[in-house]
Amino acid sequence: MAGLQPVKGTYDLLPKDRAIHRKVSETARLTAERFGFNEITTPIFEFSEVFSRTLGETSDVVTKEMFSFETKGNDKITLRPEGTAGIARAFISNALQHETPVKHFYYGPMFRYERPQKGRQRQFHQVGLELIGVDTPQADIEVIAAGYQFLSELGFADVVTLELNSLGDTESRDAYRSTLVDYLKGHYDNLSEDSKTRLETNPLRILDSKDKGDKEIVKDAPLLGDCLNETSQAFYDAVKHGLDLLGIPYTENPRLVRGLDYYCHTAFEFTTETLGAQGTVLAGGRYDGLIKMMGGPQTAGVGWAAGVERLALMLGEDCVELPRPIVMIPVSADQQDEALKLSHRLRQQGFIIDQGFSGNMKKRLNRANKANACAAILVGEDELARGCVTVRNLESGEQSEVSLDALGETLAQFNA
RNA sequence: GCGAUUGUAGCUCAGUUGGUUAGAGCACUGGUUUGUGGUACCAGAUGUCGGGGGUUCGAGUCCCCUCAAUCGCCCCA
């Protein structure tokens, strides 16, 4: 135990923070539903092979970022670093190939053992969606459109750029990889140390290296687009055509690649300048080989995931307001019971009633302000004798006596 | 995993070339007002100076280690 700090890279979501996260996840869910995606929840841990086999043995996620442990039964378990592998596993486990196309939305925590930064934690949250069982570009278009719609709903249409590329099918990508490696070997001595390693593990990654020397070399490197075979090119063109039809703006980025092995054809990222080094806010692509790789039937898939923390940062503190209560204030201890019963009844009717636990009226009104209450119900001896209470509007300061029978009606103007 | 910066009250920060009992504002508690808030005034409480070790007569201040955060690299949402 390192004192009373949360574990490195984790943090608490206090009610205000949680409300912002909820706005992000609910906007995502409602948008997804409009596209016919329904929510699924898979476990936050899986057998380690679910990730290690599918994400690529040499990917950073697998080699250094997995939170893994062993159970008492000697099962090797990993806290999920991303959502797609678990959903593919669920697809197979539940034999959903008989129900394609499958359209899933998800929200939940993910875990990566990384050095924390702003917009990057060890436990973080993603929303995402997966469209499984459709191998035509229409699926890619729908998935990207849903992502764009989601970001637009949050008000980010103008601060976000959609970058698009095609990784092609296996044939195209293999052809390109060898062309690229040949080219890079010609400049081997000038490559950065990182890129020399990547030449072995994931040469495509060198394309978006931030090293200056690498950038110079990469500038004249052969492009993936030039190696696309006819099928892959037609697929890519169809996706672009669809986006054009929908008026979704995009920028082609021939150097956009993916970190995870299972991607093919469409790769896309929505990026922003507003978050520093963590500029990617929503990203995804097509993964036609994934489900088969995991031992299921050959099934196409395309999807994306978005970082909730990053979107929450972009939204800022003032985008949500916590629910505003009506405070119940017994004027003296003698009205305690009456106030308690009244609170109970009003809550059953759907009102948000905040009943304090101590203090005189001044104190209670003070707390009401801090709780951003919209009204106060003052339960006093005099009114009660007349079958009434006093309702005070805490914004205008106006107050009036209301009979208990008409109370619900009067309060309806505040909340229900 | 690598590099740089930072770490004093709940929050934002002062703290003089190392020198007695470590300060301010906001927030908090109580009061002026025993049935009426947001304002004002008065009073009060608050710190393992991130943690550990060292140098020194003396360390918030200097040195080492460690933890965490921030920024960048790597990678990614």
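Small disclaimer: the values here were computed from a predicted structure and weren't measured. Atoms considered below: every heavy atom in the structure, side chains included; atoms not considered: hydrogens, waters and symmetry mates. We name chains A, B, ... by the order of the sequence lines, and we start the count at 1 in each one.
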Legend entry - Touch class at under 4.0 angstrom, heavy-atom based, for A:Val281 against every strand present: sugar-phosphate
Inset, instruction - Please determine if a side-chain N or O atom of A:Gln117 lies less than 4.0 Å away from the OP1 or OP2 oxygen of B:G72. - result: yes
Inset, instruction - May I ask you to say what A:Ala305 touches in the nucleic acid, namely base, sugar-phosphate or nothing, with a heavy-atom cut-off under 4.0 Å? - result: sugar-phosphate
Inset, instruction - Using a 4.0 Å heavy-atom cut-off across all strands, classify A:Gln335 as base, sugar-phosphate, or nothing. - result: nothing
Inset, instruction - For B:C28, take OP1 and OP2 only and decide whether either is under 4.0 Å from a side-chain N or O of A:Lys370. - result: yes
Legend entry - Residue pair A:Thr271 / A:Glu269, side-chain donor-acceptor N/O under 3.5 Å: no
Legend entry - Any donor-acceptor N/O pair under 3.5 Å between B:G37 base and A:Gln399 side chain: no
Inset, instruction - Check whether the side chain of A:Asn369 and the base of B:G37 form a donor-acceptor pair under 3.5 Å. - result: yes
Inset, instruction - Determine the contact category for A:Lys118: base if any of its heavy atoms lies under 4.0 Å from a base atom, sugar-phosphate if only primed atoms, P, OP1 or OP2 are that close, otherwise nothing. - result: sugar-phosphate
Legend entry - Side-chain donor/acceptor of A:Arg392 to base of B:G37, under 3.5 Å: yes
Inset, instruction - Would you mind classifying the nucleic acid contact of A:Leu311 as base, sugar-phosphate or nothing, using non-hydrogen atoms under 4.0 angstrom? - result: nothing
Inset, instruction - Verify the distance criterion only: is there a donor paired with an acceptor across the side chains of A:Gln413 and A:Thr410 at less than 3.5 Å? - result: no
Legend entry - Presence of donor-acceptor pair under 3.5 Å, side chain of A:Arg115 and base of B:C73: no
Legend entry - Of the listed nucleotides B:A77, B:G35, B:G1, the one nearest the side chain of A:Thr390: B:G35
